[in-house]
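First the structure, in the form of structure tokens, and then the observations on it.
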Amino acid sequence: MSMKPLVTDQSQSKRNWPGWARRGLLENVAIALILLGVFMLVQPFSITLYGWSFITVLVGIVMFTVVSKFPE
């Protein structure tokens, strides 16, 4: 009986992953969404922006949580 290592070849999984779905770019987009949502929350000019700020921050946080599992 042959024992196979439990560690998978990560370079193979990186090659199969699409280039646009890498962690670096999408993490930056998620952080930008969080920052945009916080800006929308504290600005004094538009009640519409204030109303959408929580949704924007929430989408950014969920996106960051999901994207942080992607390969680099």
Side-chain angles (χ1 to χ4, degrees):
M1 183 165 93
S2 150
M3 297 289 286
K4 292 185 179 180
L6 294 176
V7 177
T8 60
D9 184 16
Q10 290 185 353
S11 63
Q12 179 65 25
S13 67
K14 284 182 184 179
R15 280 186 267 148
N16 292 336
W17 204 263
W20 61 268
R22 295 287 166 91
R23 185 190 310 181
L25 174 66
L26 292 179
E27 269 185 352
N28 290 338
V29 170
I31 291 170
L33 271 176
I34 295 168
L35 291 175
L36 177 67
V38 170
F39 172 75
M40 289 165 59
L41 183 67
V42 299
Q43 58 81 30
F45 305 114
S46 171
I47 193 69
T48 305
L49 290 179
Y50 178 78
W52 282 96
S53 64
F54 178 73
I55 301 293
T56 307
V57 171
L58 188 62
V59 167
I61 290 172
V62 169
M63 183 178 174
F64 186 84
T65 303
V66 170
V67 167
S68 66
K69 310 296 186 233
F70 288 2
E72 290 186 25

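Heads up: numbering here begins at 1 and tracks the sequence. On a predicted model such as this, the values are computed, not experimentally measured, just so you know.
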Qualifying salt bridge (Lys or Arg N to Asp or Glu O under 4.0 Å) pairs, either residue in residues 23-33, two or more places apart = Arg23-Glu72

Check whether Val59 and Val67 end up in the same hydrophobic cluster, where Ile, Leu, Val, Met, Phe, Trp and Tyr are linked by side-chain heavy atoms less than 4.5 Å apart.
-> yes

Same apolar cluster: Val29 and Val57, side chain cutoff 4.5 Å = no

Residue pairs involving residues 49-72 (criterion ring pair (Phe, Tyr, Trp, His ring centres under 6.0 Å); sequence neighbours excluded) = Trp17-Phe70

Result block: side-chain N/O donor-acceptor pairs under 3.5 angstrom for residues 30-48, not counting sequence neighbours:
from	atom 1	to	atom 2	distance (Å)
Gln43	OE1	Phe45	N	2.7
Gln43	OE1	Ser46	N	2.9
Gln43	NE2	Met40	O	3.4
Gln43	NE2	Ser46	O	2.7
Ser46	OG	Thr48	N	3.3
Ser46	OG	Leu49	N	3.3

